[in-house]
Amino acid sequence: MSTQNRALDNTSTLPDIANEPHTGPNGRLNWVGMSEIEMPIRTLNGNGDQMQTVGRIQAYVNLTDPESKGIHMSRLYLTVDQMLGNEIMTPALLNAVVKQFLVTHDGISDNAYLECRFEFMERRKALISNNTGWKGYKVRAITSIKAGEINTELGIEVPYSSTCPCSAALARDIIQQGFLAEFGDSDQVSMKDVHQWLGTKEGISATPHSQRSIAQVRVKLSPEVEDLPVSRLIDSIEDALKTPVQAAVKREDEQEFARLNGQNLMFCEDAARRLHQQLNKDDSLSDFWVRVNHMESLHPHDAVAIVVKGLDNGYRDDPREFPH
C-alpha cells in the first residue's frame, strides 16, 4: 500500500478528543462557534447585478448538553463554505444555513446564529452632473434561530453630512450685522449693489459648521421578504436625510450639496426623527433600531441620538452600537 493510501486509511483511527469523556466542570453554554471566517459572498446591487465581495462570518450554536465536551467546529465551517459561498445571499439562504447548523449538531444544540459582515459597493449617481462613482457601505446580515423562532436582520451604516441649525442662525446674524455696517447709512440700496456685496467675502462673512455623520440602522425583515434589500434601504435612509456624502463631484454637484445642507439643517435629534418616520412607513420591516452619530466639528466629542420602532418585545433602546 502506498504512503498516501496508508495515510487515508488511517483517518478512521485518528484520535478524536471531542468524543472522549468530559472531565472538567459541566455546564450549558449560550454560544460556541467561530468568528472572523473569511469567505467570498455574493449579493445583488440595486440594478439586480451580481456582486462578489469578502464576507467576515460569525457562526455559532448553543451547547445544551452540559456533559458534552464541545461542538463540531469543522461542521460549522463546512456548512458556511458549501452553502453560503456558492449562492447569492438571500433570507432563504441564510435561513437554510442556520437550520443546517442545527442538523449537524442534533442532540446538543437548539439555537443557531449566523452573521455576515461585508462592504456593499454600488455606483451612485452625482447630484446634478451625469457622473457616477463607487460608494461603499458597511453591512451586516444576521440570521438566528432561538426557541424555534427564526429571524433575519440587516444592519447598515450610511454616511451623510449634517449642518448645525444653531451655527446657521449665528452665521445669519453675523451676515445681517455686516449688511447693516455696509448699507445702514443709506436710505435706499440698489439691487445691483446688494447682489455684488453678497458675492464678496464680506457679504458671506460667516458659515455654519457641518460634519460628516453616520446613521447606523438595524432592521428586522418581515418573513415575506425574498431578497436582502440593501440598496433599497440605503436609498430610503439617504432620501430621508437628504445630504448623503458624494463620490463623483463636479462644481455643480458641490453647489447642489451646499444647497441641500442649507435646506436640511439638522441636530442629531432631527436626523433620528426623520429616519424613524421614514422606516416606520416600510411594511417590509417588522422592527428597527437607529443610532445617528454627528462627529462634531465644534466639539471633540460626538452628538448621538437613538430611536427604536417602539414594539413591546422589539429592539431595546440600547445605546450600544448594533445591540442584539
Side-chain angles (χ1 to χ4, degrees), residues 40-56 88-91 116-142 153-163 210-219 221 225-266 268 270-282 284-285 288-295 297 302 321-322:
I41 58 174
R42 301 178 185 180
T43 62
L44 297 177
N45 63 20
N47 296 322
D49 299 325
Q50 187 176 144
M51 176 189 70
Q52 182 166 302
T53 186
V54 176
R56 284 176 168 77
I88 293 172
M89 189 183 297
T90 63
C116 308
R117 290 183 287 113
F118 60 95
E119 187 168 23
F120 182 84
M121 297 292 296
E122 189 171 59
R123 293 196 72 90
R124 311 292 286 187
K125 189 182 181 305
L127 290 171
I128 298 294
S129 69
N130 292 324
N131 296 298
T132 61
W134 288 103
K135 287 177 64 178
Y137 301 85
K138 295 179 180 178
V139 176
R140 301 184 187 199
I142 302 167
E153 305 167 74
L154 273 181
I156 191 164
E157 295 188 7
V158 176
Y160 64 101
S161 173
S162 59
T163 301
S210 302
Q211 52 267 323
R212 187 181 299 176
S213 305
I214 299 289
Q216 296 172 305
V217 177
R218 184 168 179 175
V219 300
L221 301 181
V225 175
E226 296 181 353
D227 299 316
L228 290 179
V230 178
S231 185
R232 183 172 62 82
L233 186 57
I234 292 170
D235 287 341
S236 182
I237 294 168
E238 293 187 344
D239 287 347
L241 296 170
K242 305 296 185 187
T243 54
V245 300
Q246 301 296 301
V249 175
K250 302 289 286 185
R251 281 180 296 174
E252 58 267 37
D253 302 310
E254 187 169 359
Q255 184 182 57
E256 176 65 6
F257 187 69
R259 187 190 72 81
L260 289 170
N261 273 267
Q263 296 299 311
N264 293 276
L265 305 174
M266 282 184 288
C268 62
D270 300 313
R273 286 167 176 151
R274 286 188 179 199
L275 291 173
H276 183 277
Q277 182 183 54
Q278 182 86 331
L279 297 173
N280 212 31
K281 296 184 295 186
D282 192 338
S284 70
L285 310 178
F288 58 80
W289 172 94
V290 173
R291 172 179 167 137
V292 296
N293 309 271
H294 288 190
M295 291 164 275
S297 58
D302 297 347
E321 297 181 9
F322 293 112

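Judged purely by atom type and a 3.5 angstrom limit, N293 uses its side chain to pair as donor or acceptor with the backbone of I214. Not one N or O on the side chain of D49 forms a donor-acceptor pair closer than 3.5 Å with the backbone of N45.
Nearest heavy atoms, R140 versus R117: CG-CG, 3.7 Å. Taking both residues in full, the closest heavy atoms of L44 and G48 are given as CD2-O, 3.7 Å, listed atom of the first, atom of the second, then distance. Scanning both residues, G136 and M121, for their nearest heavy atoms gives CA-SD, 3.5 Å. A pairwise comparison of heavy atoms in L265 and D270 identifies O-OD2, 4.3 Å as the closest pair.
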- Task: Under the side-chain contact (heavy atoms from CB on, under 4.5 Å) rule, what do E153 and W289 come out as? Steps first, then yes or no, please.
- Result: CA-CA 11 Å; E153 305 167 74; W289 172 94; over 6 Å; no
- Task: Take Q216 and V158 through the test side-chain contact (heavy atoms from CB on, under 4.5 Å) and record every step on the way to the result.
- Result: CA-CA 7 Å; Q216 296 172 305; V158 176; over 6 Å; no
- Message: Determine whether E119 and K138 satisfy the following criterion, salt bridge (Lys or Arg N to Asp or Glu O under 4.0 Å), listing intermediate values before the conclusion.
- Response: CA-CA 5 Å; E119 187 168 23; K138 295 179 180 178; over 6 Å; no
- Query: Does the side-chain contact (heavy atoms from CB on, under 4.5 Å) test come out yes or no for L260 and L127, once each step is laid out?
  - Reply: CA-CA 10 Å; L260 289 170; L127 290 171; 4.0 Å; yes
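Residues passing the side-chain hydrogen bond (donor to acceptor under 3.5 Å, both in side chains) test with R273, sequence neighbours excluded: none. Annotation: side-chain hydrogen bond (donor to acceptor under 3.5 Å, both in side chains) contacts of S297 (sequence neighbours excluded): H209. Evaluation of the salt bridge (Lys or Arg N to Asp or Glu O under 4.0 Å) rule for R274 yields no partner, not counting sequence neighbours. Partners of N130 under the side-chain contact (heavy atoms from CB on, under 4.5 Å) rule, at least two apart in sequence or in another chain, do not exist in this structure. Contacts of V230 classified as side-chain contact (heavy atoms from CB on, under 4.5 Å), with partners at least two apart in sequence or in another chain: F120, V139, L154, I156, L228, I234. Q277 meets the side-chain contact (heavy atoms from CB on, under 4.5 Å) test with no other residue; sequence neighbours excluded. Checked against side-chain contact (heavy atoms from CB on, under 4.5 Å), Q52 has the following partners two or more places apart in sequence or in another chain: P40, R42. Listed by chain and residue number, nothing satisfies the ring-ring contact (aromatic ring centres under 6.0 Å, His included) test with F118 (two or more places apart in sequence, or in another chain). In this structure, the side-chain hydrogen bond (donor to acceptor under 3.5 Å, both in side chains) partners of T132, at least two apart in sequence or on a different chain, are R123. Partners of N261 under the side-chain hydrogen bond (donor to acceptor under 3.5 Å, both in side chains) rule, at least two apart in sequence or in another chain, are S161, T163.
Contact check for F288 versus N280: side-chain heavy atoms found under the 4.5 Å cut-off. With contacts defined as side-chain heavy-atom distances shorter than 4.5 Å, the pair R218/I142 qualifies.
Rounding to the nearest 0.5 Å places CE of M266 at 6.0 Å from OH of Y160. For the atom pair OG1 of T43 and CG of D227, the computed distance is 11.0 Å after rounding to the nearest 0.5 Å. Remark: S162 OG to H294 NE2 distance equals 4.0 Å, nearest 0.5 Å.
Within the structure, the salt bridge (Lys or Arg N to Asp or Glu O under 4.0 Å) test picks out the following pairs touching residues 243-266 (sequence neighbours left out): E256-R259. Judged as a side chain to side chain donor-acceptor pair (under 3.5 Å), the pairs with a partner in residues 228-245 (not counting sequence neighbours) are, in order, E122-S231, R124-D235, R124-E238, K135-E238, Y137-E238, R232-D282, R232-S284, S236-Q278.
Residue-environment remark: CD (E226) stays at or below the threshold of 12 foreign heavy atoms within 6.0 Å.
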